[in-house]
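Take a look at the structure below.
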Amino acid sequence: MGAPSPGYSLTIRVEAPATITATSELAAAVGAAGGSVTALDVVESGHDNVVVDVSCNTTDTSHAEQIRGALDDLEGVHVRKVSDRTFLMHLGGKLEINPKVALRNRDDLSRAYTPGVARVCQAIAANKDDARRLTVKRNTIAVVSDGSAVLGLGNIGPEAALPVMEGKAALFKQFAGVDAWPVCLDTQDTEEIIAVVKAIAPVYGGVNLEDIAAPRCFEIERRLRDELDIPVFHDDQHGTAIVTLAALVNALKVVGKQIGDVKIVVSGVGAAGHAIIGLLQASGATNIVACGRNGAIARGQEHTDAHRVWIAENTNPEGFTGSLHEAIVGADVFIGVSGPNILAEEHVASMAKDSIVFAMANPDPEVDPAAAGRHAAVVATGRSDFPNQINNVLAFPGVFRGLLDAQTSEITDEMLVAAAEAIASRVSDAELNPGFIIPSVFDPKVATEVAAAIVAVASAPAPATAN
């Protein structure tokens, strides 16, 4: 961990002596300070001095300051400006609205707006279902958050959540052609969130709930699914579960084990952990031990959270009551959706032969992937700078594309399992190895095949019932 990342990319504008070695000395200084140079661009040149933009990846903000200092310390070098390339990408936001139709003359205006639009309004008033056919509703979803559980940052509020929701919307469009819009709410009251989402629902063909803290998120999703006629999907739960299952399907192929035979330890019993457990069981897992902050969850314990009660009643068949470190001994699979650095190398070493470790806490995983890799047969994280990134973007664009295309409001376990299998199948047997169990997020066929899997399940005839 701690490798330079594009997430902490800088462009440092420096003035340096006009010598033949100027740029190489700048690159050497950045490298010596632990940075990774990605570009060197001379933007001004004179007889005595040159101005160079040094672009580099760093590990965090303090490391960025160290690199700036290393350049400033070079003889004759002066740092003029430091630009954070991540902040530059976000200037003015990451989204805009463009019309799909040209408004070139009065005729176009008369059809797109008044007077022609009135006839379309009357048609929808007579048949509300026509809104799906004649408005943006057919291809638009709301990305809804209250800012209470944003990434690994916690309860940072709706304004601070907005850059994440913008990014989510951009991913929907990029990977599945779905138009999405961030809806960040200035309330964390369950009833108010439900009421607001219901009130804005006429505009949207679906709702993607995002970064809403547990246990509130469970009630919000359940109620909205019951009370709306459009699909409601909590990505932190079900998107994470889909991609985790997809990765596990292929990881088990690598080690030659079956999901019904392995012992799985899940660290984290919030929204993601609960959904992962449910989907693994729907896929045949029978021996799952879930661990919270106080250790394993088992029958007979008292829990005020209904979802922990469900976990207690439906997992841990042997009734184990020890700590996470004790639970992991002899386990075949570890799945972490909890917090950073809760496992050490010796804990991974205590797992079964040919073990699988999914350490998905972001930005810092539950265990150092390099240390885990010395003992586990397969290691995956949620990070892009290690192999096997388990990333929700593999799931949610295609899932919503499929739900919109199928015009269904129902989301079933069968759909989620089918989506996971579609993702897993994008890695062929010829490609499969311990460092490649999950397709790239840039695989252009992932979203298409996930959508097709959703539509196939939604379109399948209901099983016949006995008379």
Partner residues of F87 under the side chain to side chain contact (heavy atoms under 4.5 Å, CB included) criterion, sequence neighbours left out
D84

Between V269 and H274, is any pair of side-chain heavy atoms under 4.5 Å apart?
no

Parallel, tilted or perpendicular for F172 and F400, by the 30°/60° rule?
perpendicular

Counting heavy atoms not belonging to R85, are there more than 12 under 6.0 Å from its CZ?
no

Enclosure of N294 CG (heavy-atom neighbours >12, cutoff 6.0 Å):
no

Using a distance-only test with no angle check, is there a side-chain donor-acceptor pair under 3.5 angstrom linking S428 and E431?
yes

Under the side chain to side chain contact (heavy atoms under 4.5 Å, CB included) test, which residues partner A306, sequence neighbours left out?
none

Looking at A298 and A312, what are the two nearest heavy atoms and their distance?
O-CB, 3.6 Å

Over 60° means perpendicular and under 30° means parallel, so classify the ring planes of F218 and H307, tilted if in between.
parallel

Both conditions, 6.0 Å and 45 degrees, for the charged tip of K168 above the ring of F396: are they met here?
yes

Contacts of T240 meeting side-chain hydrogen bond (donor to acceptor under 3.5 Å, both in side chains) (sequence neighbours excluded), chain-then-number -> N392

Distance-only donor-acceptor check, side chains S83 and T11, under 3.5 Å
no

